[in-house]
Enquirer: 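Please read through the structure below; I'll follow up with questions.
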Amino acid sequence: NMACCGSCLCCQCCCCTEGETRTPEELTILGETREDEDEILPRKDYESLDYDRCINEPYVEVLEGLDRKKTKKYEAVKWMLVFAIGVSTGLIGVFVDFFVRLFTQLKFRLVGKSVEECSENGCLALSLLELLSFNMAFVFIASVLVLIEPVAAGSGIPEIKSYLNGVKIPGIVRLRTFICKAIGVLFAVAGGLFVGKEGPMIHSGAIIGAGLPQFQSITFKKIRFHFPYFRSDRDKRDFVSAGAAAGVAAAFGAPIGGTLFSLEEGSSFWNQALTWKVLFCSMSATFTLNFFRSGINYNKWGSFQLPGLLNFGEFKCPDGDKNCHLWTAVDLAFFVLMGVVGGLLGAMFNCINKRLAKYRMRNVHPKAKFIRVLESLLVCMLTTVVVFMASMTLGECRDLGFLLVSANEDVNSTIRQFFCSNRTYNDMATLFFNPQETAIHQLFHQDVQSPSSVGHMECLSPVDSLSPRCSVERLLDAWWPTSLKCKSANE
């Protein structure tokens with residue numbers, strides 16, 4: 001599906017110019033389509049979905065032939081499938097979260113041990129190489145999976161919204177797309193990229209909703225069971241709506257939010273009966289995810305402490321403290337200001353992202369596939385270097401005593417003491433050398449304490465600290481082996 005010139009018959013070779021090797025979809029977005037192609041879809045393999053019921057004599061006869069017992073059976077099966085979609089979406093969230101946590105903990109444990117050893121031996125460059133090796137290996141796997149199934153790239157939310165509004169994008173709800181999506185986002189997040197697993201959960205839930213009620217797979221043709229129900233585009237659309245809502249509910253622990261997302265943002269075709277099914281599906285996903293995550297992470301099965309993949313923890317005042325208030329009326333003005341600033345930043349982000357996407361379509365997409373892999377590896381390398389350098393040079397030593405007394409065990413196990421003396425911790429390293437959710441949890445639930453009460457990183461010796469406040473000589477002491485250091489001013 002390449003946009004080639006009219007006289008060029010070798011679209012797979014290099015006879016076309018660079019501007020003519022983009023897909024028709026990209027040419028349409030860039031506004032470079034020819035006049036005779038303005039009225040056609042960006043890609044000729046796009047199809048429309050038939051969501052309207054065709055009321056004709058055979059259909060009326062079928063409806064008249066259905067007795068009340070068959071109708072109730074049909075409705076009961078629909079409710080069971082909606083429940084199965086919610087449970088399956090929740091289990092996928094558990095799978096992604098478990099392996100992201102496993103890989104990140106393994107990575108940060110090994111790299112953290114290396115940093116502690118190299119801070120004394122002057123080999124921090126090796127620690128950086130270890131972190132780069134982990135991150136670039138994970139991102140490479142995610143990039144290869146996107147090459148296998150390009151539709152799995154991104155969050156998938158725009159494609160699902162298109163599907164729910166009647167546009168059938170090839171491969172968008174295939175099983176192969178689902179596998180590449182789930183595993184790809186797992187390695188992308190574990191690779192240290194500033195991406196989240198919440199958006200792809202919506203796409204994954206929609207794929208489950210589209211495939212599970214069919215009991216067959218186009219990708220794997222051996223998966224085929226005789227199940228004659230729910231074969232129309234209308235029924236399939238309803239299950240996709242439920243799956244997308246379950247993805248939102250599993251990501252944020254918000255069943256009502258998932259229902260409203262599917263109702264307001266996703267589908268243009270809705271009915272009152274579908275509302276209750278979608279809400280039930282969202283509740284099933286949240287319940288399943290909360291049950292298994294609470295059991296796996298805290299070993300407290302049935303405690304239901306983690307309702308979503310993104311969890312900020314519980315905000316409450318200490319018992320007996322009557323002067324504590326989570327917020328006051330004065331804070332409402334700041335909340336409004338934060339909302340305005342957030343909206344402006346979001347609009348600016350969308351504008352920059354649009355320009356960047358068009359630039360990549362013009363300059364990156366027409367090139368060979370391995371160039372796109374190199375692009376992702378370059379972004380990973382820059383991100384890793386910035387994070388590592390910020391953790392090593394911009395951190396401040398903060399008091400650790402209040403953490404050991406007031407914080408829970410989960411917070412204590414994630415603190416990082418790089419280059420800090422006893423009973424102090426490196427705030428920047430604690431932020432960056434932990435999984436994303438853990439870092440956000442740290443920001444919300446560590447007691448606020450002024451750095452001045454503890455002091456900045458102490459430059460007591462060449463290996464005690466690595467801060468901009470320390471001299472250049474002490475900074476080099478931690479990075480260069482002793483054998484390479486100058487012994488005199490002449491050297």
Enquirer: I want to check something: taking the side chain as every heavy atom from C-beta on, are Val385 and Phe388 in contact at a cut-off of under 4.5 Å?
Expert: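 Not in contact.
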Enquirer: So, Glu75 and Lys277, do they make that salt bridge, N to O below 4.0 Å?
Expert: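 Yes.
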Enquirer: Would you name the heavy atoms of Gly258 and Ala245 that are closest together and state the gap between them?
Expert: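 In terms of heavy atoms, the two residues are closest at O-CB, 3.2 Å.
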Enquirer: Thr89 and Met201: side-chain contact (heavy atoms from CB on, under 4.5 Å), yes or no, with the steps?
Expert: CA-CA 8 Å; Thr89 304; Met201 276 299 300; 3.9 Å; yes
Enquirer: Between atom OG of Ser282 and atom CZ of Phe252, what is the distance when rounded to the nearest 0.5 Å?
Expert: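 So the gap between those two atoms works out to 13.0 Å.
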Enquirer: Shortest non-hydrogen contact from Gly192 to Asn135?
Expert: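 Closest approach of Gly192 to Asn135, heavy atoms only: N-OD1, 4.1 Å.
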Enquirer: Is the backbone of Tyr359 close enough, under 3.5 Å, to the side chain of Asn363 for a donor and an acceptor to pair up by distance?
Expert: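 Yes: the side chain of Asn363 pairs with the backbone of Tyr359.
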Enquirer: Do the non-hydrogen side-chain atoms of Met428 and Asn426 ever get within less than 4.5 Å of each other?
Expert: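 Side chain of Met428 against side chain of Asn426, heavy atoms only: contact under 4.5 Å found.
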Enquirer: Determine whether a donor-acceptor pair (N or O, by modelled atom type, separation under 3.5 Å) exists between the side chain of Ser262 and the backbone of Ser241.
Expert: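 Judged by distance alone, yes, a pair lies under 3.5 Å.
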Enquirer: If you measure from SG on Cys281 to CD1 on Ile208, what distance do you get to the nearest 0.5 Å?
Expert: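 Those atoms lie 9.0 Å apart.
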Enquirer: Let's go through Arg174 and Glu149 carefully: what are the C-alpha distance in whole Å and the side-chain angles of both, what is the deciding distance for side-chain contact (heavy atoms from CB on, under 4.5 Å) to 0.1 Å, and is it a yes or a no?
Expert: CA-CA 10 Å; Arg174 295 282 178 85; Glu149 186 53 71; 5.7 Å; no
Enquirer: When you measure from the side chain of Thr104 to the backbone of Pro435, do you find a donor-acceptor pair of N or O atoms at a distance under 3.5 Å?
Expert: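 Pair absent, no side-chain N/O of Thr104 close to backbone of Pro435.
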Enquirer: Within the structure provided, determine whether Asp235 and Lys78 are in side-chain contact (heavy-atom separation under 4.5 Å).
Expert: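 Result yes, sub-4.5 Å side-chain heavy-atom pair found.
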Enquirer: Do any N or O atoms from the side chain of Asn165 and from the backbone of Lys161 form a donor-acceptor pair under 3.5 angstrom?
Expert: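 Judged by distance alone, yes, a pair lies under 3.5 Å.
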Enquirer: I want to check something: taking the side chain as every heavy atom from C-beta on, are Lys113 and Phe108 in contact at a cut-off of under 4.5 Å?
Expert: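 The answer is no; the side chains never approach within 4.5 Å.
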Enquirer: First locate atom OG1 of Thr177, then atom CD1 of Ile148, and finally report the distance between them rounded to the nearest 0.5 Å.
Expert: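 Interatomic distance, Thr177 OG1 to Ile148 CD1, rounded to 0.5 Å: 11.5 Å.
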Enquirer: Under a 3.5 Å distance rule, please check whether Ser88 uses its side chain to pair with a backbone N or O of Ile85 as donor and acceptor.
Expert: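 Here the side-chain-to-backbone pair does not exist.
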Enquirer: How close do Phe83 and Ser284 get, counting heavy atoms only, and between which atoms?
Expert: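 So the two residues come closest at CD1-OG, 3.2 Å.
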Enquirer: Carefully, step by step, assess Val364 and Arg372 under the rule side-chain contact (heavy atoms from CB on, under 4.5 Å).
Expert: CA-CA 7 Å; Val364 179; Arg372 302 179 67 177; 4.0 Å; yes
Enquirer: Test side-chain contact (heavy atoms from CB on, under 4.5 Å) on Met338 and Val341; report intermediate values, then the result.
Expert: CA-CA 5 Å; Met338 290 169 59; Val341 174; 5.8 Å; no
Enquirer: Is a side-chain N or O of Ser294 found less than 3.5 angstrom from the main chain of Phe291, in a donor-acceptor match?
Expert: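 Absent.
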Enquirer: Check whether Asp97 reaches the backbone of Gly93 with its side chain - one donor and one acceptor, N or O, closer than 3.5 Å.
Expert: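 A pair under 3.5 Å: no.
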Enquirer: Under a 3.5 Å distance rule, please check whether Thr383 uses its side chain to pair with a backbone N or O of Val379 as donor and acceptor.
Expert: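 Answer holds: yes.
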Enquirer: Are the side chains of Met80 and Val77 in contact, using a 4.5 Å heavy-atom criterion?
Expert: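 In short, these two side chains touch, coming nearer than 4.5 Å.
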Enquirer: Could you tell me whether a side-chain N or O of His203 sits under 3.5 Å from a main-chain N or O of Ile172, the two making a donor and an acceptor?
Expert: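 The answer is yes, because a donor-acceptor pair under 3.5 Å joins these two groups.
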Enquirer: Go through the side-chain N and O atoms of Trp270 and Thr275 and say whether any donor and acceptor fall under 3.5 Å apart.
Expert: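 Short answer, yes.
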Enquirer: Are Ile256 and Phe261 side-chain neighbours, meaning at least one heavy-atom pair lies under 4.5 Å?
Expert: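 The answer is no, as the side chains (C-beta and beyond) never meet within the 4.5 Å cut-off.
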Enquirer: Among Trp276, Phe280, Phe239, whose ring-ring contact (aromatic ring centres under 6.0 Å, His included) with Trp79 holds?
Expert: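 Result: among Trp276, Phe280, Phe239, Phe280 is the only option passing the ring-ring contact (aromatic ring centres under 6.0 Å, His included) with Trp79.
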Enquirer: Answer with yes or no whether the side chains of Asn290 and Thr286 bring together a donor and an acceptor at under 3.5 Å.
Expert: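 No - no donor-acceptor pair under 3.5 Å links their side chains.
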Enquirer: Roughly how far, to the nearest 0.5 Å, is the OG atom of Ser391 from the CG atom of Leu128?
Expert: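 Result: 11.0 Å between the selected atoms.
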Enquirer: When rounded to the nearest 0.5 angstrom, what is the spacing between CG in Leu81 and CG in Asp238?
Expert: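 One finds 12.0 Å between CG of Leu81 and CG of Asp238.
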Enquirer: Would you call Glu130-Lys107 a salt bridge at under 4.0 Å N-O?
Expert: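 Salt bridge absent between Glu130 and Lys107.
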Enquirer: Crowded around Phe349 CZ? As in, over 12 foreign heavy atoms under 6.0 Å?
Expert: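 For Phe349, atom CZ is not crowded (no more than 12 foreign heavy atoms under 6.0 Å).
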Enquirer: Do you know which of Phe138, Phe98, Phe134 makes ring-ring contact (aromatic ring centres under 6.0 Å, His included) with Phe103?
Expert: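 Between Phe103 and the candidates, ring-ring contact (aromatic ring centres under 6.0 Å, His included) is satisfied uniquely by Phe138.
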Enquirer: Give the minimum heavy-atom separation between Cys380 and Val139, together with the two atoms involved.
Expert: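 For Cys380 versus Val139, the nearest heavy atoms are SG-CG2, 3.6 Å.
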Enquirer: What are the two closest heavy atoms between Val94 and Thr288, and how far apart are they?
Expert: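 Scanning both residues completely, I find the closest heavy atoms to be CG2-O, 4.5 Å.
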Enquirer: Provide the closest heavy-atom pair for Leu289 versus Ala250 in the form atom of the first, atom of the second, distance.
Expert: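 Closest heavy-atom pair between Leu289 and Ala250: CD2-O, 2.8 Å.
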Enquirer: How about Met136: does its CE atom have over 12 heavy atoms from other parts shown lying under 6.0 Å from it?
Expert: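 Result for CE/Met136: enclosed.
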Enquirer: About how many Å separate CD1 of Ile183 and CZ of Phe178, when rounded to the nearest 0.5 Å?
Expert: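 Between atom CZ of Phe178 and atom CD1 of Ile183 there are 9.0 Å.
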Enquirer: Evaluate the side-chain proximity of Ile169 to Ser162: yes if any heavy-atom separation is below 4.5 Å, no if none is.
Expert: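 Yes, side chains in contact.
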